[in-house]
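These notes concern the structure reproduced below.
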Number of protein chains: 2
Amino acid sequence: MARQKQTELAVLCTLGVQPMTGYAVRAAIRDQLGFFWSESFGQIYPTLAALLARGDVEKHEGTRPGSSLYSLTHAGRLRMISLLEQPDSPTPRRDGFMLRLFFGRSLGPDACRALVEQARDRARQQLAVYEALHAQVESETDYLQHQPYWLITISAGEHTTRAAIAWADETLAKLDSDRDAYVR
Amino acid sequence: MARQKQTELAVLCTLGVQPMTGYAVRAAIRDQLGFFWSESFGQIYPTLAALLARGDVEKHEGTRPGSSLYSLTHAGRLRMISLLEQPDSPTPRRDGFMLRLFFGRSLGPDACRALVEQARDRARQQLAVYEALHAQVESETDYLQHQPYWLITISAGEHTTRAAIAWADETLAKLDSDRDAYVR
DNA sequence: TTGGATTGTATCTAAAAGATATGTCTAGCA
DNA sequence: TGCTAGACATATCTTTTAGATACAATCCAA
């Protein structure tokens with residue numbers, strides 16, 4: 001995503017929940033947005049510096065020497081909302097798993113079968129993670145106003161993952177029954 | 001995806017189906033892999049040059065002056081298979097739509113509703129595209145040995161898209177019934 | 001008390017996104 | 001016949017991102 005500064009948006013949003021250090025921003029993005037977002041570590045400090053220069057965030061002394069707490073300014077909050085309201089230009093997908101299946105003829109039916117089985121197992125584990133997270137967020141009382149929105153995104157993960165499992169089961173059945181079609 | 005040269009794999013695979021020009025490689029990736037892969041235009045020519053230098057592809061005169069047809073060498077085919085067999089290290093997701101919903105409290109319930117409706121409409125259109133493509137590939141006889149693998153990836157798209165529609169319907173119903181929970 | 005895990009800041013390289021420049025060939029049409 | 005719009009084709013450039021890595025302080029536990 002050149003030309004878009006999506007990192008800025010993610011950092012602003014994360015600081016919008018509560019003030020924190022750059023390190024904590026990284027941890028929050030990894031732990032809370034990890035299912036649909038990732039932030040390259042090396043981008044966070046330069047982005048914080050740019051936001052500071054623009055006046056979108058403020059820097060305060062942290063709890064230990066050398067550490068800094070960043071918090072949103074009023075301008076930063078306005079900018080966050082304006083960025084959130086802009087249409088999302090989706091980043092191009094690069095799904096190496098699908099690429100491998102598409103060229104499955106070169107890979108051979110056995111290797112493809114193994115890939116699909118792997119994908120199904122990973123999806124099952126993933127579903128369990130989503131379900132546990134769902135229950136945890138539902139019982140949490142710290143961020144009541146955020147909670148329903150967080151549940152929406154978790155529900156999206158559950159739907160997608162269940163679909164992946166169903167597709168994998170169906171595909172494995174097809175690989176078994178039409179074995180002759182999947183020649184190398 | 002630093003450190004991975006996924007472009008090389010995609011280009012090798014595309015040339016594996018039949019020899020073509022750089023321009024045609026780009027078109028094939030856009031038209032055939034577009035649902036799960038995208039190749040940055042500016043990467044294709046440098047990648048072809050690198051593959052040529054390694055001896056993985058050969059360059060021949062094209063149909064018109066100045067154009068070149070690239071084809072896989074034996075070494076290139078071996079390398080393609082070896083890359084296909086390597087485990088796929090998934091590229092990190094950056095889903096701006098989910099990011100916006102996660103921070104939906106800052107965006108407000110009405111804007112979120114509009115986003116979900118938009119996503120549902122886009123998914124419906126997408127499903128129609130997948131279904132048409134499914135029928136088309138099924139009736140095609142040019143690439144019989146590739147066909148079943150291509151259908152597997154199309155089926156994955158259909159499953160995912162149906163799940164997205166179901167999630168959107170469910171989410172819209174929730175936004176209507178629990179209106180009070182989604183305060184700004 | 002040492003040593004491993006966590007917190008915290010910062011920089012570097014390589015790869016990718018996407019815009020853009022440039023030129024040729026072909027088909028339609030005025 | 002000449003013109004022009006659009007497809008074909010190659011190539012380069014800048015900004016953003018991925019991901020590795022370096023370095024140091026602090027905390028905790030064996």
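The chains referred to below are lettered A, B, ... by the order of the sequence lines, with proteins before strands, and numbering in each begins at 1.
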Item checked: Spacing between B/Glu8 atom CD and C/dA15 atom C1', to the nearest angstrom -> 12 Å

Notebook entry, point to check: Applying side chain to side chain donor-acceptor pair (under 3.5 Å), which residue pairs with at least one partner in residues 17-36 of chain A are found, sequence neighbours left out?
Noted result: none

Next item on the list: Check the distance between D/dC8's C1' and B/Ile44's CD1 and give it to me in whole angstrom.
Entry: 14 Å

Note to self: Determine whether a donor-acceptor pair (one donor, one acceptor, N or O, separation below 3.5 Å) exists between the side chain of B/Ser40 and the base of C/dA17.
What the structure shows: yes

Note to self: Please determine whether a side-chain nitrogen or oxygen atom of B/Arg26 lies at a distance below 4.0 Å from atom OP1 or OP2 of D/dA9.
What the structure shows: no

Kindly give the atom pairs (protein nitrogen or oxygen, nucleotide nitrogen or oxygen) under 3.5 Å for nucleotides 9-11 of chain C.
unit_1, atom_1, unit_2, atom_2, d
C/dT9, OP1, A/Ser68, N, 2.7
C/dT9, OP1, A/Ser68, O, 3.4
C/dT9, OP2, A/Gly22, N, 3.1
C/dT9, OP2, A/Tyr23, N, 3.3
C/dT9, OP2, A/Tyr45, OH, 3.0

Next item on the list: Round to a whole Å and report the spacing from CH2 of A/Trp37 to C1' of D/dT17.
Entry: 11 Å

Check: Atom CZ of B/Arg93 and atom P of D/dT17: how far apart are they, to the nearest Å?
Finding: 17 Å

Margin query: Can you see if the side chain of A/Thr7 gets near the phosphate of D/dT17 - specifically, an N or O under 4.0 Å from OP1 or OP2?
Written below: yes

Item checked: Residue B/Glu39, side-chain atoms from C-beta onward, closest of D/dT17, D/dG19, C/dA17 -> C/dA17

Check: Under 3.5 Å, is there a donor-acceptor pair between the side chain of A/Arg100 and the main chain of A/Gly96?
Finding: yes

Item checked: Rounded distance in Å - NZ (B/Lys5) to P (D/dG19) -> 16 Å

Check: Can you list the residues that meet the ring pair (Phe, Tyr, Trp, His ring centres under 6.0 Å) rule with A/Phe102, with sequence neighbours excluded?
Finding: B/Phe36, B/Trp150

Margin query: Between B/Arg93 and A/Phe35 (side chain of the first, backbone of the second, donor and acceptor by atom type, cut-off under 3.5 Å), is there such a pair?
Written below: yes

Next item on the list: Could you tell me the separation between the CZ atom of B/Arg30 and the C1' atom of C/dG18, rounded to a whole number of Å?
Entry: 14 Å

Next item on the list: Among residues two or more places apart or on two chains, list those pairs meeting side chain to side chain donor-acceptor pair (under 3.5 Å) that have a residue in residues 34-50 of chain B.
Entry: A/Arg94-B/Glu39, B/Thr7-B/Glu39, B/Trp37-B/Glu39

Notebook entry, point to check: Applying side chain to side chain donor-acceptor pair (under 3.5 Å), which residue pairs with at least one partner in residues 157-166 of chain A are found, sequence neighbours left out?
Noted result: A/His134-A/Glu158, A/His159-B/Glu170

Note to self: Among residues at least two apart in sequence or on other chains, which ones pass side chain to side chain donor-acceptor pair (under 3.5 Å) with B/Thr171?
What the structure shows: B/Trp167

Notebook entry, point to check: When the distance from CD1 of B/Ile29 to P of C/dA17 is rounded to whole Å, what number comes out?
Noted result: 11 Å

Next item on the list: Using side chain to side chain contact (heavy atoms under 4.5 Å, CB included) as the criterion, list what pairs up with A/Asp178, not counting sequence neighbours.
Entry: A/Lys174, A/Ala181, A/Tyr182

Check: For B/Arg54, which residues count as a side chain to side chain donor-acceptor pair (under 3.5 Å) partner, sequence neighbours excluded?
Finding: B/Asp56

Item checked: A/Met20 CE to C/dG8 P, straight-line distance once rounded to whole Å -> 11 Å

Check: At how many degrees, to 10°, do the end axes of the helix from C/dT1-D/dA30 to C/dA30-D/dT1 meet when each uses five pairs?
Finding: 10°

